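Keep in mind the model is a prediction, meaning the values are calculated, not measured. Position 1 is the first residue of the sequence, and the numbers go up from there.
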Amino acid sequence: MSHEHVSYLELLARGAASEAYDRPVLLARASGAGPEALAELEEAKQLALRVRAELEGRRRREAELSALFATAHDLAGLRDLDAVLRAIVQRARSLLGTEVAYLSLNDPAAGDTYMRVTEGSVSARFQQVRLGMGEGLGGLVAQTARPYVTEDYFQDPRFQHTRTIDAAVRDEGLVAILGVPLSLGSQVIGVLFAADRRARVFEREQVALLGSFAAHAAVAIDTANLLAETRSALAELERANDIIREHSAVIERASEVHDRLSELVLHGGGVHDVADAVSEVLGGTVEFTEAGAGSARRAGGHALREGDDWVAAVSAGGETLGALVLHGQPELDPVDQRTLERAALVTSLLLLARRSAGEAEQRVRGELLDDLLDAPDRDRRLLRERAARLRTDSEAPHVVLAARIDRAADAAVADSDAGGRESADRQRLWSAASHLAATRHGLASARDGGTVLLLPLGPGESAADLARQTARDLGGTLREPVTVGASAPVRTLLDRPDQVAVAYEEARRCLDALVLLHRKGQGAAAEDLGFLGLLLADGRDIDGFVGRTIGQVVDYDRRRGTDLVRTLDAYFASGMSPARTKDELHVHVNTVAQRLERVARLLGPDWQSPARALEIQLALRLHAMSAAVAR
């Protein structure tokens, strides 16, 4: 083998550039080789170049096959479509040796095509360009579903140039562009491009290679779409299963609450038991309220959403009794809404049943009190049994109270209207008083244009305390003033039933006195009315009156050995003159002043007001009379 042939083998071994193969021929010509030797070298050079081209082609095909294999591997483990498309575009740019590669996709909804992935691009305008269908080189590829190549984009008249596309291509500086279709069956979904910023010719093998990458890209897009559709179908199926499970749970809840409500009705449950049962089943908090059912009432029995709450009216016979309010469940299934409505219906039935029972009990209580007032000579054993059934303690001290709503005369109201209003007032007062009597284990009855109550005294409670509390309770319930007069305590009801009627007359006199004293809306017993109460009271409790009026002064004299009572008597006898009082008592005027100062501390600063002074003088006279009788 000649030295020149060895040179060509070395060039092939190290992969030298094609220009290096001219060197052995030039050296032989320079050394004076003959024509025959030069011809042989030229033949060896051509053979080496063919071998070199074959090896280069094999290396290129090996790289292409490796890239296609890697792309197929990416598709097999497809997780992120964008990442796969970027890899395809990067490999296409690298193997074709172009400066730029990019991929566009069609947008059927917008009727155009948009840039999806770019590699090697530097122009923001180019990266964001959108093309109308049929415009530019990409439009030609999409229309014909065939590859197209141009060596000089701006000089090529085969496709439609537009200002937008040309401006974007010019901004990127592209000259030679190759585009191949992305096809799924007969449908073109986009175009894969390879481009250079200089004129160049794309060989047939390069066009085929880019087509292979385009096929992979189309498969990737189709796979991703199928995955997305599968995921969507699975999500829809899961949502359907959730709906089925939720609906089944709702049906189970409805069945459970139906059983619970039926059991409550059969076992005499109350309104709050219904609310608790529905709260547990619906997973929120249900409460019964007597107010706030206006909008729910207008809904015709359906539950309505108010803010984050649901409200179902509790009504019967056109009368709204209240509402069930569900908190904590702003979104409520229609079946659960009907459950809340059913609970409201059950609540109305329970309320009506309770009202009927309550009205029956009120009538029985009223009948017993009427018998005590009108027929006290009835069999005491029967009276005691009736009182026991009503849980009235006949052995405890009770107070008789007379209550009345006193309205000012209204000349603008017709007589018939005034009479109807008074009748309604009496009915409302009787209803409120009956409820109060039932809660305190007492009795109540409508009588003499008002209501009479017989209530037990609580521990440490006086008749006056009970009268004031009753006036507040009834006035608060009716939202208007109610005047209440009380009798002295009746110690035992059934030993002397006739004393109930006597106590009622005393309570009525006290009530009339409060009205005459312009104290409507208040409650009082005889002990609250001073000497007027002494006159009104049936028992004429003189000692009680004296004790309440000047008892502190009498006690002070008894404990300290002072003479305040005699000083008071002399002070009033002297026309409330300290100077004449000191002459009467034969003491210094300062002594009188000091004693009167002590009296003021004991009786209060208003002891010399006309009303108090009158009561004190009467108490002094009664005290003197009692002392004289005792001697």
Nearest heavy-atom approach of Ala525 to Ala467 is N-CB, 4.5 Å
Contacts of Ala446 meeting side chain to side chain contact (heavy atoms under 4.5 Å, CB included) (sequence neighbours excluded), chain-then-number -> Trp430
So the side chain to side chain donor-acceptor pair (under 3.5 Å) pairs with at least one residue in residues 571-590 (sequence neighbours excluded) are Tyr571-Gln608
Check whether any side-chain heavy atom of Val399 sits under 4.5 Å from a side-chain heavy atom of Leu455, and report yes or no. no
Value for CG (Leu436) from CD (Gln469), rounded to nearest 0.5 Å, stands at 8.5 Å
Here the gap from Thr451 atom OG1 to Leu474 atom CG, rounded to the nearest 0.5 Å, amounts to 8.0 Å
So salt bridge (Lys or Arg N to Asp or Glu O under 4.0 Å) across residues 593-605, not counting sequence neighbours, yields Glu597-Arg601
Here the pair of heavy atoms bringing Pro456 nearest to His441 is CD-O, 4.1 Å
Salt bridge (Lys or Arg N to Asp or Glu O under 4.0 Å) filter on Asp563, not counting sequence neighbours, yields Arg566
* To do: State plainly whether the residues Arg468 and Asp465 are in salt-bridge range, i.e. N to O under 4.0 Å.
  => yes
Ala402 meets the side chain to side chain contact (heavy atoms under 4.5 Å, CB included) criterion, sequence neighbours left out, with Tyr504, Ala507, Arg508, Leu511
Checklist entry - Are any side-chain N or O atoms of Ser487 and backbone N or O atoms of Glu506, one a donor and one an acceptor, separated by less than 3.5 Å? => result no
d(Gln552 CD, Leu603 CG) to nearest 0.5 Å is 6.5 Å
Taken in chain and number order and not counting sequence neighbours, the residues that satisfy salt bridge (Lys or Arg N to Asp or Glu O under 4.0 Å) with Asp473 are none
Would a distance-only check, ignoring hydrogens and angles, find a side-chain to backbone donor-acceptor pair under 3.5 Å from Asp569 to Leu620? no
Where the side chain of Ser431 meets the backbone of Arg428, is there a donor-acceptor pair that is under 3.5 Å apart?
no
| message | Evaluate Glu480 against Ile405 for side chain to side chain contact (heavy atoms under 4.5 Å, CB included), listing each step before the verdict. | response | CA-CA 8 Å; Glu480 57 183 304; Ile405 298 175; 3.7 Å; yes
message = Just so I know, are the side chains of Lys520 and Pro481 near enough to count as touching, which here means a heavy-atom distance under 4.5 Å?
response = no
Discussion item. Before you tell me yes or no, could you show the steps for Leu443 and Leu453 under side chain to side chain contact (heavy atoms under 4.5 Å, CB included), namely the whole-Å CA-CA distance, both residues' side-chain angles and the distance that decides it to 0.1 Å?
Written reply: CA-CA 6 Å; Leu443 306 174; Leu453 298 96; over 6 Å; no
When rounded to the nearest 0.5 Å, the distance separating CG of Leu466 from CG of Leu401 is 5.0 Å
Evaluate the criterion side chain to side chain contact (heavy atoms under 4.5 Å, CB included) for residue pair Val502 and Val500; output intermediate values, then yes/no. CA-CA 5 Å; Val502 175; Val500 176; over 6 Å; no
What one should report as the nearest heavy-atom pair of Ala471 and Gly521 is CB-O, 4.2 Å
Evaluate Leu602 against Trp607 for side chain to side chain contact (heavy atoms under 4.5 Å, CB included), listing each step before the verdict.
CA-CA 9 Å; Leu602 293 171; Trp607 70 277; over 6 Å; no
With sequence neighbours left out, the residues meeting side chain to side chain donor-acceptor pair (under 3.5 Å) with Glu461 are Arg440
key: Side chain proximity check, Ile550 to Tyr556, heavy atoms < 4.5 angstrom   = no
Sorted by chain and number, sequence neighbours left out, side chain to side chain donor-acceptor pair (under 3.5 Å) with Thr477 holds for none
Rounded to the nearest 0.5 Å, the CG atom of Leu568 sits from the CG atom of Leu596 at a distance of 7.0 Å
Sorted by chain and residue number, the side chain to side chain contact (heavy atoms under 4.5 Å, CB included) partners of Ala396 (sequence neighbours excluded) come out as Asp393, His398
Hits for salt bridge (Lys or Arg N to Asp or Glu O under 4.0 Å) against Arg559, two or more places apart or cross-chain, chain-then-number order -> none
For Arg479, the side chain to side chain contact (heavy atoms under 4.5 Å, CB included) test, sequence neighbours excluded, returns none
Those residues at least two apart in sequence (or on a different chain) that pass side chain to side chain donor-acceptor pair (under 3.5 Å) with Glu287 are His327
Would you confirm whether Asp309, through its side chain, and Val325, through its main-chain N or O, come within 3.5 Å as a donor-acceptor pair?
-> no
